[in-house]
Amino acid sequence: MKLIVGNQKTYLDRDKVLNFIEKTGKVDCSNVVICPSYPYFELFNNKSNFILGSQDVSETGLGASTGEVSAEQLKSFHVQYAIVGHSERRSYQHEDSNVLYHKIKCLLESDIRPIFCIGECLEERESDSTKDVIGKQILEVFDRLEKSEIEKIIIAYEPIWAIGTGITPVNDEIMDTTNYIKDLVNDKFDVSILVLYGGSVNKENISQLGEISAIDGYLIGGASTKADEFLEIMRENSK
Ligand code: 13P
């Protein structure tokens with residue numbers, strides 16, 4: 001069974017979160033992580049079986065960082081995974097590899113597994129530079145980490161042009177890119193890294209994506225906010 005990570009972004013208000021939990025929270029979620037917005041952590045902890053994840057983390061620890069949420073604070077809510085370097089944050093918050101390195105260090109110190117997002121934009125794909133781009137994104141961070149730290153990281157490959165568009169690469173492309181990521185990390189750091197695929201995963205394409213043996217799971221945005229669809233994806237994944 002592959003790992004499912006739901007990134008609910010800023011889609012849901014409190015009533016919608018309660019409704020989502022009511023419909024989904026009691027099913028077997030042993031391989032399903034939900035990353036809600038911070039204000040909803042307690043609701044998921046109290047009312048659902050999902051493993052709790054975070055959409056982000058502060059690059060500094062406990063202290064004077066107004067508006068941030070530190071890894072220690074996440075840990076105190078039993079957060080087990082945290083997304084780092086989502087393309088929306090790389091783009092809107094201008095997060096670079098240096099910031100992402102510090103975020104990963106903070107998470108590892110609090111024993112939270114980072115889900116490190118990488119991916120190319122459309123122009124990069126069209127100019128055939130996907131592997132150069134994602135290779136650089138990986139190495140700029142991993143070159144500064146110990147092997148024992150890299151072993152705890154999960155990579156999420158999310159082509160930017162596939163996020164929220166309903167378009168996905170074909171299976172062979174996802175397989176090829178995933179194998180490239182795994183080989184790169186294996187050759188350079190001697191680590192067998194887990195790789196998730198993200199970008200327009202939904203109930204229509206989940207069984208087809210399930211045929212890609214190289215991927216270890218999915219990072220799901222929009223479809224993770226709709227209870228019925230998410231349940232269907234979970235059911236399909238457990239077949
Ligand atoms: P969608 O599943 O909505 O395309 O979003 C993917 C994503 O950004 C998950 O982090």
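Numbering of ligands and ligand atoms starts at 1, following listing order.
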*Do Arg113's NZ or CZ and the ring of Tyr81 fall within the cation-pi criteria of under 6.0 Å and 45°?*
no
Note down each nitrogen or oxygen pair, ligand 1 side and protein side, whose separation is under 3.5 Å; give only atom names and the distance to 0.1 Å.
{"from": "ligand 1", "atom 1": "2 (O)", "to": "Gly221", "atom 2": "N", "distance (Å)": "2.9"}
{"from": "ligand 1", "atom 1": "3 (O)", "to": "Gly222", "atom 2": "N", "distance (Å)": "2.8"}
{"from": "ligand 1", "atom 1": "4 (O)", "to": "Gly164", "atom 2": "N", "distance (Å)": "2.7"}
{"from": "ligand 1", "atom 1": "4 (O)", "to": "Ser200", "atom 2": "N", "distance (Å)": "2.8"}
{"from": "ligand 1", "atom 1": "5 (O)", "to": "Lys9", "atom 2": "NZ", "distance (Å)": "3.4"}
{"from": "ligand 1", "atom 1": "8 (O)", "to": "Lys9", "atom 2": "NZ", "distance (Å)": "2.8"}
{"from": "ligand 1", "atom 1": "8 (O)", "to": "His86", "atom 2": "NE2", "distance (Å)": "2.7"}
{"from": "ligand 1", "atom 1": "10 (O)", "to": "Asn7", "atom 2": "ND2", "distance (Å)": "3.0"}
{"from": "ligand 1", "atom 1": "10 (O)", "to": "His86", "atom 2": "NE2", "distance (Å)": "2.9"}
{"from": "ligand 1", "atom 1": "10 (O)", "to": "Glu158", "atom 2": "OE1", "distance (Å)": "3.2"}
{"from": "ligand 1", "atom 1": "10 (O)", "to": "Glu158", "atom 2": "OE2", "distance (Å)": "3.0"}

*Under the ring pair (Phe, Tyr, Trp, His ring centres under 6.0 Å) test, residues paired with Tyr38 that sit two or more places apart*: Phe41
*Please list all pairs passing the salt bridge (charged side-chain N to carboxylate O under 4.0 Å, His left out) test where one or both residues lie in residues 3-15, with sequence neighbours left out.*
Lys9-Glu88
*Relative to each other, are the rings of Phe50 and Phe20 parallel, tilted or perpendicular (30° and 60° limits)?*
parallel
*Mind checking what makes side-chain hydrogen bond (donor to acceptor under 3.5 Å, both in side chains) contact with Ser238, not counting sequence neighbours?*
none
*Of Glu95, Gln55, Glu158, which is the lone residue that meets side-chain hydrogen bond (donor to acceptor under 3.5 Å, both in side chains) with His86?*
Glu158
